[in-house]
Undergrad: 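Got a structure here, written out as structure tokens. Questions coming.
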Amino acid sequence: MPELPEVETVRRGLQPVFEGARIVTVEQRRPDLRFPFPADFVASLTGRSVISLGRRAKYLTMHLDRDPVLICHLGMSGSFRILAGSDDAVPGAFHHERSKNEAHDHVVFHLENDAGATSRVVFNDPRRFGFMLFSPGATLHEHPSLAGLGIEPTGNALDGAMLGDLLHGRRAPLKAALLDQRLIAGLGNIYVCEALWRAGLSPRREAGSIAPAPGRTNARCERLAEAIREVIADAIAAGGSSLRDHVQADGSLGYFQHSFNVYDREGEACRKPGCGGTVQRIVQSGRSTFYCPSCQR
DNA sequence: ATGCCTCCCTGATAGC
DNA sequence: TGCTATCAGGGAGGCA
């Protein structure tokens with residue numbers, strides 16, 4: 001599920017629990033998720049101190065007091081939750097839902113901080129499209145999962161000229177190009193739809209059609225680059241989007257889904273003032289696209 | 001190289 | 001109620 005804003009929200013939620021803590025033990029409850037766990041998964045983590053939690057695109061990275069670095073992807077349905085203490089007492093009243101959900105608790109990190117307080121962090125992933133892999137720290141950026149990733153849509157690096165460079169000559173639909181992690185890393189189906197709506201550009205348009213020359217900018221490139229940066233920043237500020245069962249690490253809900261202008265709004269009125277159009281759903285590259293044909297051209 | 005398709009897996013929901 | 005079909009935020013691998 002998670003796109004960049006959700007992964008960043010998870011990172012920020014886990015940071016205070018992990019950073020500076022020692023991993024006392026790790027429970028690995030099955031041999032694989034999307035990929036097999038590394039053979040030395042538990043042994044390499046046990047007893048390590050966590051230096052920092054990072055993020056690249058939709059990947060979390062956990063940097064330890066020695067190699068390797070843990071690379072973690074949430075796939076479509078992965079989530080973390082933090083439990084205080086080390087016993088099995090679990091707060092909350094929804095025992096039925098919890099026990100059902102616990103079948104997909106695949107990894108449990110048992111942590112201890114400097115003050116001796118313990119906590120647990122549980123990784124849950126019903127669909128098991130997520131994964132955890134190791135990389136040597138010195139060559140983290142060369143790891144196969146990270147090596148081909150494009151530019152982060154955060155900060156100011158993604159501007160009109162950069163976008164023009166990335167999209168020039170591309171024949172694929174603009175929607176497909178923005179989903180391509182090798183160009184821009186971290187956008188997913190929701191935020192691509194939302195960014196295109198904000199920019200007033202059709203997802204069906206040929207990507208290269210807004211970028212007449214490599215490295216050159218124009219009004220459309222500027223608008224789209226700004227829309228991408230802003231929708232990502234807005235979503236991070238809102239704590240991401242909480243769809244279905246996705247929650248933040250502390251169990252609270254992000255609320256950006258209330259700000260969707262097109263995603264999952266098929267048949268509803270376009271929210272652009274004065275537009276009067278109706279949001280449509282089409283399928284591109286096998287995935288739903290939501291857009292307003294009236295104001296997105 | 002580029003673009004498109006299928007597949008991995010489970011759960012929620014809609015329709016009968 | 002219960003069955004079945006469809007769909008879901010991602011990305012790797014294979015194909016033309």
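In the text below, chain A, chain B and the rest are named by the order of the sequence lines, each starting its count at 1.
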Undergrad: Tell me whether the side-chain N/O atoms of His104(A) come closer than 4.0 Å to OP1 or OP2 in dG11(B).
TA: yes
Undergrad: Rounded off to whole Å, could you give me the CG-to-P distance for the Asn124(A) and dG9(C) pair?
TA: 19 Å
Undergrad: Find out if a path of hydrophobic residues (ILVMFWY) with successive side-chain heavy-atom gaps under 4.5 Å connects Phe80(A) to Phe37(A).
TA: yes
Undergrad: Report which part of the nucleic acid Phe131(A) touches: base, sugar-phosphate, or nothing (heavy-atom distance under 4.0 Å, all strands).
TA: nothing
Undergrad: Does the plane of the ring in Phe123(A) sit parallel, tilted or perpendicular to the ring in His106(A)? Use 30° and 60° as the thresholds.
TA: tilted
Undergrad: Distance check: side-chain N/O of Ser288(A) vs OP1/OP2 of dA8(C), anything under 4.0 Å?
TA: yes
Undergrad: Take the angle between the ring planes of Phe18(A) and Phe109(A) and call it parallel below 30°, perpendicular above 60°, tilted in between.
TA: perpendicular
Undergrad: What nucleotide among dC4(B), dG11(B), dG10(C) has an atom nearest to a side-chain atom of Pro126(A)?
TA: dG11(B)
Undergrad: Check whether any side-chain N or O of Lys58(A) sits under 4.0 Å from OP1 or OP2 of dG9(C), and answer yes or no.
TA: no
Undergrad: How close or far is atom P of dG9(C) from atom CD of Glu3(A), stated in whole angstroms?
TA: 8 Å
Undergrad: Taking Glu222(A) for its side chain and Thr217(A) for its backbone only, find out whether a donor-acceptor pair lies under 3.5 Å.
TA: no
Undergrad: Classify Arg34(A) by what it touches in the nucleic acid, base, sugar-phosphate, or nothing, heavy-atom distance under 4.0 Å.
TA: base
Undergrad: Without decimals, in angstroms, what is the distance between Phe260(A) CZ and dA8(C) P?
TA: 13 Å
Undergrad: Counting only side-chain nitrogens and oxygens, does Arg287(A) get under 4.0 Å of the OP1 or OP2 atom of dG9(C)?
TA: yes
Undergrad: Would you say that more than 12 heavy atoms from the other residues, nucleotides or ligands in this model lie under 6.0 Å from the CZ of Arg216(A), or not?
TA: no
Undergrad: Before accepting this row, confirm whether a basic side-chain N of the pair Arg11(A)/Glu8(A) lies closer than 4.0 Å to the acidic partner's carboxylate O.
TA: yes
Undergrad: Rounded to whole angstrom units, what separation is found between the CD atom of Glu6(A) and the P atom of dG10(C)?
TA: 9 Å
Undergrad: Let's see if you can work this out: which of dG10(C), dC4(B), dT10(B) has an atom nearest to the side-chain heavy atoms of Ser285(A)?
TA: dC4(B)
Undergrad: Find the partner of dA16(C): check Watson-Crick (N1-N3 plus N6-O4 or O6-N4) and G-U wobble (N1-O2, O6-N3) distances, both under 3.5 Å, and reply none if neither fits.
TA: dT2(B)
Undergrad: According to a strict under-4.0 Å criterion, is His73(A) in side-chain N/O contact with OP1 or OP2 of dG11(C)?
TA: yes
Undergrad: What's the CZ-P distance between Arg204(A) and dG3(B), to the nearest Å?
TA: 18 Å
Undergrad: Quick check for you: among dC7(C), dG11(B), dC9(B), whose closest atom lies nearest to any side-chain atom of Arg127(A)?
TA: dC9(B)
Undergrad: Return no unless some side-chain N or O of Tyr191(A) is found under 4.0 Å from OP1 or OP2 of dG9(C).
TA: no
Undergrad: Specify the separation, in whole Å, of atom CG of Leu33(A) and atom P of dC9(B).
TA: 12 Å
Undergrad: Is it true that Phe35(A) and Phe129(A) have ring centroids separated by less than 6.0 Å?
TA: no
Undergrad: I want to verify a distance call: between dG9(C), dA12(C), dG11(C), whose nearest atom is closest to the Phe35(A) side chain?
TA: dA12(C)
Undergrad: Can you figure out which of dC8(B), dG11(B), dA8(C) approaches the side chain of Phe129(A) most closely?
TA: dC8(B)
Undergrad: Taking the side chain of Arg281(A) as heavy atoms from C-beta outward, which of dC9(B), dG11(B), dC7(C) is closest to it?
TA: dC7(C)
Undergrad: Counting any heavy atom closer than 4.0 Å, what does Ser145(A) reach on the DNA or RNA strands: base, sugar-phosphate only, or nothing?
TA: nothing
Undergrad: Taking the minimum atom-to-atom distance to the side chain of Pro173(A), which one of dC4(B), dG11(C), dG11(B) wins?
TA: dC4(B)
Undergrad: Out of dA12(C), dC4(B), dG10(C), which nucleotide sits closest to the side chain of Ala172(A)?
TA: dC4(B)
Undergrad: Could you please name the option among dG11(B), dC4(B), dG10(C) that lies closest to any side-chain atom of Met76(A)?
TA: dG10(C)
Undergrad: Between atom CG in Leu149(A) and atom P in dG10(C), what is the gap in whole Å?
TA: 14 Å
Undergrad: Can you measure Leu4(A) atom CG to dG10(C) atom P for me and round it to whole angstrom units?
TA: 11 Å
Undergrad: Side chain of Tyr59(A), heavy atoms from C-beta onward: which of dC4(B), dA8(C), dA12(C) has the nearest atom to it?
TA: dA12(C)
